[in-house]
Amino acid sequence: MRLGPWRLGRLHRRQRDRRPEVHEPGHAARQDPVQEGRQGSDTHPYAVYKTLYDAVANGYTEEDYSTTDWESSKGRINNGEIATMVLGAWAVPQMKQAGDHPDDVQYMPFPITVDGKQYATLAGNYSMGINKNSDKDRQEAAMIFVKWMTEKSGYAQNEGGIPIVKSDDSLPETYEHFKDVELIVDDPAKEGEEDLFADINSDSELGINNGNGKKIQDIVTDAANKTKTIDQIMGEWDEKWGAAVESES
């Protein structure tokens, strides 16, 4: 298991226990999911994207916002040229190994709280399966490998992941700043709504949490050039999402 930064759709609030609502496709039917946190709570998607917008607009990010170089960024954060990057725990070992200052690279939860409490979402890493059509010997060999990989190899600890073994509650050093953070997981879709979020996400053309980096880059561009306010951007997103909700009704 790996920890990652909170993403749009995972920041609704549980009314019954005041914990943040993890992504549940049943909430896809809201017509204003992005800006619902504009007034009051700062735990909604609006707050996440406003953090990005404000950082760029206030000149806290690199001058060249239109390009990226993943490999060189590892060394730059290691030697102090980059202050912070929003990434999952999987990236930490790579950053530590990219220079002479591994102890300077640390991992922290995203700076948003709910009533003074911080949360972080868990997500699975690689999945393993055994072919049911293989013969018995191959299935047994595959099971032995899977058990070794998950229980004996130390893969999770070495790569900054959380052990999958139920009885193992140890955490790698990566999570030393997560002692007071509650770890939560995604809720499953409601029965009959398994495809609702994906359908609305596609119809709206927003591609939320779906590798659609262009929408995020548009926020950066508008912030740098001051061509749109964050409220205008989020308003446009909500209009597209609301129209897609209507089309699914």
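- Criterion: ILVMFWY side-chain heavy atoms under 4.5 Å apart, direct or through other members. Under it, Val146 and Trp148 are part of a common hydrophobic cluster.
- Taking 4.5 Å as the limit, some side-chain heavy atom of Leu122 sits within range of a side-chain heavy atom of Ile162.
- Checked by atom type and distance alone, the side chain of Asn58 never pairs as donor or acceptor with a backbone atom of Tyr60 at under 3.5 Å.
- Within the 3.5 Å criterion, the main-chain N or O of Lys74 finds no donor-acceptor partner in the side chain of Asn78.
- At a threshold of 4.5 Å between non-hydrogen side-chain atoms, the residues Glu236 and Lys228 count as touching.
- With hydrogens and angles left out, the side-chain atoms of Asp231 and Tyr46 include a donor and acceptor closer than 3.5 Å.
- Closest of all the heavy-atom pairs between Ile77 and Val105 is O-CG2, 4.5 Å.
- Using a 4.5 Å cut-off on side-chain heavy atoms (C-beta onward), Lys117 and Glu182 make contact.
- For Asp168 (side chain) and Pro163 (main-chain N/O), no donor-acceptor pair under 3.5 Å exists by modelled atom type.
- Ring-plane geometry between Trp241 and Phe197 is classed as tilted, the angle between the planes lying from 30 to 60 degrees on a 0 to 90 degree scale.
- Clustering ILVMFWY residues whenever any of their side-chain heavy atoms sit less than 4.5 angstrom apart, transitively, puts Leu87 in a cluster other than the one holding Met108.
- No side-chain donor-acceptor contact under 3.5 Å links Ser202 to the backbone of Asp199.
- In this structure a side-chain-to-backbone donor-acceptor pair under 3.5 Å is present from Lys179 to Glu176.
- Considering CD1 of Ile233 and CG of Asp218, their distance stands at 8.0 Å, rounded to 0.5 Å.
- Each of Ile144 and Ile130 belongs to its own hydrophobic cluster when Ile, Leu, Val, Met, Phe, Trp and Tyr are linked at side-chain heavy-atom distances under 4.5 angstrom.
- Counting heavy atoms from C-beta outward, Phe178 and Leu171 have side chains that stay 4.5 Å or more apart.
- Remark: the Gln106 side chain and the Thr174 side chain contain no N/O donor-acceptor pair separated by less than 3.5 Å.
- Side chain of Asp135 to main chain of Arg138: a donor-acceptor pair is present (N/O by atom type, distance under 3.5 Å, no hydrogens or angles).
- There is a side-chain donor-acceptor pair under 3.5 Å between Ser66 and Asp64.
- Nearest heavy-atom pair, Ile112 versus Ala47, reported as atom, atom and distance to 0.1 Å: CD1-CB, 4.1 Å.
- A 4.5 Å side-chain heavy-atom check between Lys147 and Met143 finds at least one atom pair inside the cut-off.
- Within the 4.5 Å cutoff, no side-chain heavy atoms of Ser73 are placed close to those of Thr68.
- Side-chain atoms of Met149 and Met128, non-hydrogen and from C-beta on, do get closer than 4.5 Å to each other.
- No side-chain donor-acceptor contact under 3.5 Å links Glu173 to the backbone of Gln157.
- Taking the six-membered ring for Trp, Trp90 and Tyr155 have ring centres at least 6.0 Å apart.
- Open room surrounds NZ on Lys50; 12 or fewer heavy atoms of other groups in view lie less than 6.0 Å from it.
- Put simply, the side chain of Asp222 never gets that close to the backbone of Thr227: no donor and acceptor are under 3.5 Å apart.
- Checking side-chain atoms of Gln232 against main-chain N and O of Thr229 turns up a donor-acceptor pair under 3.5 Å.
- No donor-acceptor distance shorter than 3.5 angstrom exists from the side chain of Tyr107 to the backbone of Tyr175, with no hydrogens or angles considered.
- By the 4.5 Å heavy-atom criterion applied to side chains, Trp237 and Lys215 are counted as neighbours.
- In the hydrophobic clustering of ILVMFWY residues, with side-chain heavy atoms under 4.5 Å counting as a link, Met234 and Ile216 come out together.
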